[in-house]
> 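Dropping a structure here in structure tokens format, bear with me for questions.
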Amino acid sequence: MENAVKRIGVLTSGGDAPGMNACIRAVVRSANARGIECVGIRRGWQGLISGDILEMDNASVSRIINRGGTILYSARCDEFRTHEGQEKAYATCKLIGLDGLVAIGGDGTFRGAQDLSKFGVSVVGIPGTIDNDIVCTDYTIGFDTAANTAVECMDKLRDTMQSHERCSVVEVMGHRSGYLALYVGVAIGATAVLVPERPYDFEKHVAEKIRRARISGKTNFMIVVAEGAASGMAVGEQIKKELGLDPRVTILGHIQRGGNPTAKDRVTATRMGYEAVQLLAEGKTNRIVCASGDQIVNVDIDEGLAMTKTLNPEEFEVMAVMTGR
Ligand code: F6P
């Protein structure tokens, strides 16, 4: 069935993530190596609805492996959630003769791919989000870069907190997941980490941790707050009110989504892009490319979206021990 696929599309959708460009490059080059044409769709699902397309070849993806963001742009698209929107997107697929589509993004992107597949379009999803919150994969493109960016920022904050013997409250992204916050918290030696997966108890999870750190001789404190757990500002206010400290609050925000991807993100993105094209070339559809440890594998899109992910209990335990229970 290898030669039945003549032309595929690639798009990025939802929040961008460092490494998306490396993934686009891998899709285009893997397709071309098999004699398959590749069409870029700009602005995610919105672009598929409006026919916002561009021809892509090996040269058009030169010198992007190291660049953050996505050359195809990204968007969140309400119209694509409607049947009418999906019909328009399908019409574009028919018009330009797409035999398959690679959609790079988060679980919202995969739900879109799932909807489009019902019209008979072959789809493969690739996980690209800094949140690492996609249930069926151990890793999502962009997480490593975002975590390193957050760590670098927090190391800088720590320097000034040390000099002034202050408390820093840092809010990190992650949507409804605490994965990024917990990982970064372990990496910087945080005093406390708040994640949405654990109900927030100020006395136990913040106040007591700060008290213990102070008793052990510390005079500066780093509190990491996942955006899905609480607002950094609110936690800062509470620390001021209950403990009499004068915290400084930093919301890292979208800085975590930018920057040159790390080697891990470039390599994972490249391997995933290659796998996606291989699946489409083999006539497979409705798959999500996943990482299982160091292996690149794939799962059925319906099964993948139905799974539930929890925080790594071992990492949680390590954090608890490091910050005093
Ligand atoms: O999903 C990636 C993410 O950066 C989340 O961590 C965050 O909650 C959200 O996107 C922010 O979205 P926007 O770019 O629309 O502000």
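None of these values were measured; they are calculated from a predicted model. Counting starts at 1 for both ligands and their atoms, following the listed order.
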> Under a 4.0 Å threshold between the charged nitrogen and the carboxylate oxygen, would Asp99 count as salt-bridged to Lys6?
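So Lys6 does not pair with Asp99 through a salt bridge.
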
> So which protein heavy atom does atom 8 (O) of ligand 1 come closest to, and at what separation?
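Ranked first by proximity to atom 8 (O) of ligand 1 is Glu227 OE2, 2.5 Å.
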
> Parallel, tilted or perpendicular, judged at 30° and 60°: which one describes the rings of Tyr183 and Tyr179?
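Judged by the thresholds at 30° and 60°, the geometry between Tyr183 and Tyr179 is parallel.
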
> Please determine whether a side-chain nitrogen of the Lys or Arg among Glu237 and Lys240 lies less than 4.0 Å from a carboxylate oxygen of the Asp or Glu.
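Salt bridge flag = no for Lys240 with Glu237.
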
> Which of the atoms in ligand 1, numbered in the order shown and given with their element, are less than 4.0 Å from a heavy-atom of Gly174?
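Answer, ordered by atom number: 6 (O).
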
> Looking only at protein heavy atoms, identify the closest one to atom 16 (O) of ligand 1 and say how far it is in Å.
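Ranked first by proximity to atom 16 (O) of ligand 1 is His254 NE2, 3.0 Å.
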
> Of Asp300, Leu279, Val124, which is the lone residue that meets side-chain contact (heavy atoms from CB on, under 4.5 Å) with Lys284?
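Of Asp300, Leu279, Val124, side-chain contact (heavy atoms from CB on, under 4.5 Å) with Lys284 is met by Leu279 alone.
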
> Looking only at protein heavy atoms, identify the closest one to atom 12 (O) of ligand 1 and say how far it is in Å.
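Result: Arg76 NH2, 2.9 Å.
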
> Could you check whether Glu165 pairs with Arg214 (Lys NZ or Arg NE/NH1/NH2 to Asp/Glu carboxylate O, under 4.0 Å)?
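Between Arg214 and Glu165 there is no salt bridge, as every charged N stays at least 4.0 Å from the carboxylate O atoms.
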
> Which protein heavy atom lies closest to atom 6 (O) of ligand 1, and at what distance to 0.1 Å?
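Going by distance alone, atom 6 (O) of ligand 1 is nearest to Asp131 OD1, 2.7 Å.
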
> Among protein heavy atoms, which sits nearest to atom 3 (C) of ligand 1, and what does the distance come to when rounded to 0.1 Å?
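Going by distance alone, atom 3 (C) of ligand 1 is nearest to Arg257 NH1, 3.4 Å.
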
